2 protein chains.
Amino acid sequence: MESASAPARLRALPSWLLNQSARPAQHLVSEGLRAVGAQRYHYSVLAALDEFGPASQAALGRRSGIDRSDMVAVVNDLTAQGSVSRQPDATDRRRNVVTITPAGHRHLQALDDIVNGAQRDLLAPLSTDERAELVRLLGKIVDHHAGG
Amino acid sequence: MESASAPARLRALPSWLLNQSARPAQHLVSEGLRAVGAQRYHYSVLAALDEFGPASQAALGRRSGIDRSDMVAVVNDLTAQGSVSRQPDATDRRRNVVTITPAGHRHLQALDDIVNGAQRDLLAPLSTDERAELVRLLGKIVDHHAGG
DNA sequence: ATCCCAACGTTGGGGAGACCAACGATAACG
DNA sequence: CGTTATCGTTGGTCTCCCCAACGTTGGGAT
């Protein structure tokens, strides 16, 4: 008897279900990324750079939902491994311009495979239609609680 | 410009969406409960006791997905506020029997209102059908990653 | 032009959540 | 009997998320 069924009050509670399903989601992705020395924040930042091009650290944080202060360590890590370059912005000397490098692009593609593999494990009990519907519903929630 | 749209790679990623939507869910519930000095773990344990009756701390943990070691503090809190009573089990002296008190039952009902109010805020952008579908899909994920 | 406010990167810290290892005590089973 | 397992408890770690403050710089207001 490894685990017992949860109370009905919790099993019908969206916030509880979100937390309980975010737990294995986070675990699967983190564990996969850790095998190559990466973290979830790394993936988010590389994805934002790949899609939107060079950006300041603050802008990157807004894009990917990461706090300014946490972004520092992420850019430090990515710089140390050569995935991005950090340069002072000539037009605004408050800012750094973070740019993805060719090595960073290759790294991102490797992380894509890992992350997508984790999604397969996470969503194993769901059909293709159900997965699309889940993404759609969660997207609505995220949108609603983002900008206001 | 408070927040910008996230990269498409992330917006289509179930694990990322789960984390992003679990964040406001957790925040709404925790903030509401904090107004009455309660925590999410308190609610889970009281709900389990209400539904399944008196149980040992370890059994409570299995029911509600809380680690044994974290359960100690929860039962301490609930005992201090008179919501539960903790007594040694006469038939198995390794165990404590945790029982919900009448005051605990009233407390649970108050927490129900708070928690349900948070669900309304959380799921505001979803229709009734969509909420039911979300609960169903998340339930499948939680079930799949619980026992097996 | 000067003053005030906003934004930037950075540092430091805090709190919650989830997990893990170990211990002594007790129970169950070979 | 001896071994293995479970219980409550203590203590610790790690990640994530958030906040406050600082010096620096830019932009806007009067």
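Lettering of chains follows the sequences in order, A, B, ..., and the numbering in each one begins at 1. Not measured: the values here are computed from a predicted model.
Contact annotation for A:R68: base contact, defined as any heavy-atom pair under 4.0 Å involving a base atom. Using a 4.0 Å heavy-atom criterion, one finds that A:N96 contacts the sugar-phosphate atoms exclusively.
The two residues A:S5 and B:F52 come nearest to each other via the heavy atoms O-CZ, 3.9 Å. Closest approach of B:I141 and A:S21 over heavy atoms only: CG2-CB, 3.7 Å.
Summarising the geometry, the separation between CD1 on A:I66 and P on D:dC18 is reported as 11 Å, rounded to the nearest angstrom. A straight line from CG of A:D70 to C1' of D:dC19 spans 11 Å, rounded to a whole angstrom. Whole-Å rounding puts the A:R95 CZ to D:dG27 C1' distance at 11 Å. Rounded to an integer number of Å, the gap from CE of A:M71 to C1' of D:dC16 is 14 Å. What separates CG of A:D77 from P of D:dC16 is a distance of 11 Å, to the nearest Å. Nucleotide C:dC8 holds its P atom 11 Å from the CG atom of A:L60, rounded to whole Å. Taking atom CG of A:N76 as the reference point, atom C1' of C:dT11 lies 12 Å away to the nearest angstrom. Going from atom NE2 of B:H27 over to atom C1' of D:dC16 covers 14 Å, rounded to whole Å.
Within residues 37-51 of chain A, the residues having any heavy atom under 4.0 Å from DNA chain D are, by residue number, A:R40, A:Y41. Contacts between residues 16-24 of chain B and DNA chain D, defined by a heavy-atom separation under 4.0 Å, are made by B:R23. Near DNA chain D, meaning a heavy atom under 4.0 Å away, the residues from residues 80-94 of chain A are A:D92, A:R93, A:R94.
Annotation: A:R34, atom CZ; neighbour count of heavy atoms from other residues, nucleotides and ligands within 6.0 Å does not exceed 12.
Between A:S30 and B:Q57, the residue anchored closer to the 5' end of DNA chain D is B:Q57, taking for each the nucleotide with the nearest heavy atom. Comparing B:S69 and A:S69 by the nucleotide of DNA chain C whose heavy atom lies nearest to each, the residue mapping closer to the 5' end is A:S69.
The closest donor-acceptor contact from the side chain of A:Q119 to the backbone of B:L13 lies at 3.5 Å or more, if one exists at all. The closest donor-acceptor contact from the side chain of A:R131 to the backbone of A:L123 lies under 3.5 Å. Judged purely by atom type and a 3.5 angstrom limit, B:S56 has no side-chain atom pairing as donor or acceptor with the backbone of B:N96.
Considering B:T99, B:N76, B:T79 as possible partners of B:R86, the one that fulfils the side-chain hydrogen bond (donor to acceptor under 3.5 Å, both in side chains) test is B:N76.
One finds no salt bridge joining B:R63 and B:E51 here, because no Lys/Arg side-chain nitrogen approaches an Asp/Glu carboxylate oxygen to under 4.0 Å.
Both A:V36 and A:I100 belong to a single network of hydrophobic side chains, linked directly or stepwise wherever heavy atoms of I, L, V, M, F, W or Y lie under 4.5 Å apart.
If you check the side chains of B:D67 and B:S69, you find a donor sitting under 3.5 Å from an acceptor.
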Where do B:I66 and B:L60 land on the side-chain contact (heavy atoms from CB on, under 4.5 Å) test, with the steps shown first?
CA-CA 8 Å; B:I66 302 177; B:L60 279 175; over 6 Å; no

Carefully, step by step, assess B:L134 and A:L17 under the rule side-chain contact (heavy atoms from CB on, under 4.5 Å).
CA-CA 9 Å; B:L134 178 67; A:L17 290 168; over 6 Å; no

